[in-house]
Amino acid sequence: MRRVLIAEDDYQLAEVVAEVLTYENCEPEIAANGMEALDRLRTGDYDAVVCDVMMPRVGGEAFYNAVVEQYPHLANRILFISGAATIRSGLTAFISRTENRLLEKPFDVDQLRAALHELLRP
């Protein structure tokens, strides 16, 4: 069973993502912000990360940079999720450089499932 860390400050959205991951035979774990997600990476072993770009304490870009430095095996195993603010703030160029996928809010369950299948393929 694959373990997936969800770094998302919107609790309801995190719960939806966790439920979909459970149906995909994954073991999800939720972190409410980027700092908490980094703490969980220090103490757990994960196969992938679903990460909101705009989070309190440690945002998606800083989180990604820490992952590259400390957990390079996860650097290309991140699904970024975010809304229109990402486009307005110029963060899409950052996400493009990471070569990870961005799933824009609002998205439906089928889009999420397709993105997760891509993320979790061997």
Side-chain angles (χ1 to χ4, degrees):
M1 184 174 281
R2 293 179 176 207
R3 294 189 69 215
V4 179
L5 179 61
I6 304 164
E8 171 61 67
D9 59 315
D10 179 337
Y11 182 76
Q12 289 179 332
L13 179 56
E15 284 292 314
V16 168
V17 173
E19 186 174 336
V20 171
L21 282 164
T22 300
Y23 282 115
E24 297 297 327
N25 295 317
C26 293
E27 182 182 333
E29 189 169 328
I30 298 172
N33 59 59
M35 186 174 287
E36 184 180 329
L38 288 172
D39 287 342
R40 290 182 189 256
L41 285 175
R42 284 185 200 95
T43 60
D45 186 29
Y46 297 92
D47 298 294
V49 178
V50 176
C51 179
D52 188 5
V53 177
M54 307 289 276
M55 290 186 294
R57 303 190 82 187
V58 174
E61 187 170 6
F63 174 81
Y64 175 79
N65 291 335
V67 167
V68 168
E69 184 178 305
Q70 299 170 30
Y71 312 98
H73 66 284
L74 290 173
N76 65 347
R77 308 288 293 171
I78 297 174
L79 170 62
F80 289 105
I81 54 176
S82 194
T86 300
I87 296 167
R88 287 193 304 273
S89 66
L91 289 173
T92 52
F94 148 69
I95 293 167
S96 180
R97 284 192 308 275
T98 72
E99 298 182 5
N100 287 295
R101 182 165 177 189
L102 170 65
L103 187 58
E104 291 187 42
K105 299 175 193 176
F107 50 82
D108 63 36
V109 172
D110 289 335
Q111 290 172 307
L112 176 60
R113 289 183 71 221
L116 291 172
H117 281 244
E118 184 180 314
L119 178 68
L120 296 171
R121 75 174 175 239

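Both Ile6 and Val109 belong to a common hydrophobic cluster when Ile, Leu, Val, Met, Phe, Trp and Tyr are linked at side-chain heavy-atom distances under 4.5 angstrom. Both Val68 and Met35 are part of a single hydrophobic cluster, where members link through side-chain heavy atoms under 4.5 Å apart. Taking hydrophobic clusters as Ile, Leu, Val, Met, Phe, Trp and Tyr residues chained together by side-chain heavy-atom distances below 4.5 Å, Leu38 shares a cluster with Ile78.
Considering every non-hydrogen atom in both Leu74 and Leu41, the closest pair reads CD1-CD2, 3.7 Å. Nearest heavy atom pair, residue Ala37 against residue Phe63, reads CB-CE1, 3.5 Å. Contact record, Leu13 with Lys105: CD2-CE, 3.5 Å, taken as the closest heavy-atom pair. When all heavy atoms are compared, the tightest approach of Ser82 to Met54 is OG-CG, 3.8 Å. Counting all heavy atoms, side chain and backbone alike, Pro56 lies closest to Asn33 at O-CB, 3.4 Å. Heavy-atom minimum distance, Met55 versus Val58: CE-O, 3.6 Å.
With sequence neighbours excluded, the residues that form a side-chain contact (heavy atoms from CB on, under 4.5 Å) with Gln70 are Arg42, Ala66.
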Does Leu103 form a side chain to side chain contact (heavy atoms under 4.5 Å, CB included) with Gln111? I'd like the steps, not just the answer. CA-CA 8 Å; Leu103 187 58; Gln111 290 172 307; 4.1 Å; yes
Step-by-step side chain to side chain contact (heavy atoms under 4.5 Å, CB included) determination, Leu79 to Leu116: CA-CA 8 Å; Leu79 170 62; Leu116 291 172; 4.1 Å; yes
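The structure places CD1 of Ile95 at 8.5 Å from CD of Glu104, a figure rounded to the nearest 0.5 Å. Summarising the geometry, atom CG belonging to Leu102 is positioned 11.0 Å from atom SG belonging to Cys51; distances are rounded to the nearest 0.5 Å. The CG atom of Leu5 sits 11.5 Å away from the CG atom of Asp45 when rounded to the nearest 0.5 Å. A distance of 15.0 Å separates CZ in Arg101 from CG in Asn76, rounded to the nearest 0.5 Å.
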Throw together a table of side-chain donor-acceptor distances under 3.5 angstrom for residues 24-31, partners on residues two or more places apart or in other chains.
| unit_1 | atom_1 | unit_2 | atom_2 | d |
| --- | --- | --- | --- | --- |
| Glu24 | OE1 | His117 | NE2 | 2.8 |
| Glu24 | OE2 | Arg113 | NE | 2.6 |
| Glu24 | OE2 | Arg113 | NH2 | 2.9 |
| Glu29 | OE1 | Arg3 | NH2 | 2.8 |
| Glu29 | OE1 | Tyr46 | OH | 2.9 |
| Glu29 | OE2 | Arg40 | NH1 | 2.5 |
| Glu29 | OE2 | Tyr46 | OH | 3.1 |

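Side-chain contact between Val4 and Val50 is present, with heavy atoms from C-beta onward closer than 4.5 Å. Taking the side chain as every heavy atom from C-beta outward, Val53 and Glu61 never approach each other to under 4.5 Å. In this structure the side chain of Asp52 never reaches within 4.5 angstrom of the side chain of Phe80, judged on heavy atoms.
The environment of CD in Glu19 is sparse: at most 12 heavy-atom neighbours from other residues, nucleotides or ligands sit within 6.0 Å.
Aromatic pair Tyr64/Tyr71: centroids not less than 6.0 angstrom apart.
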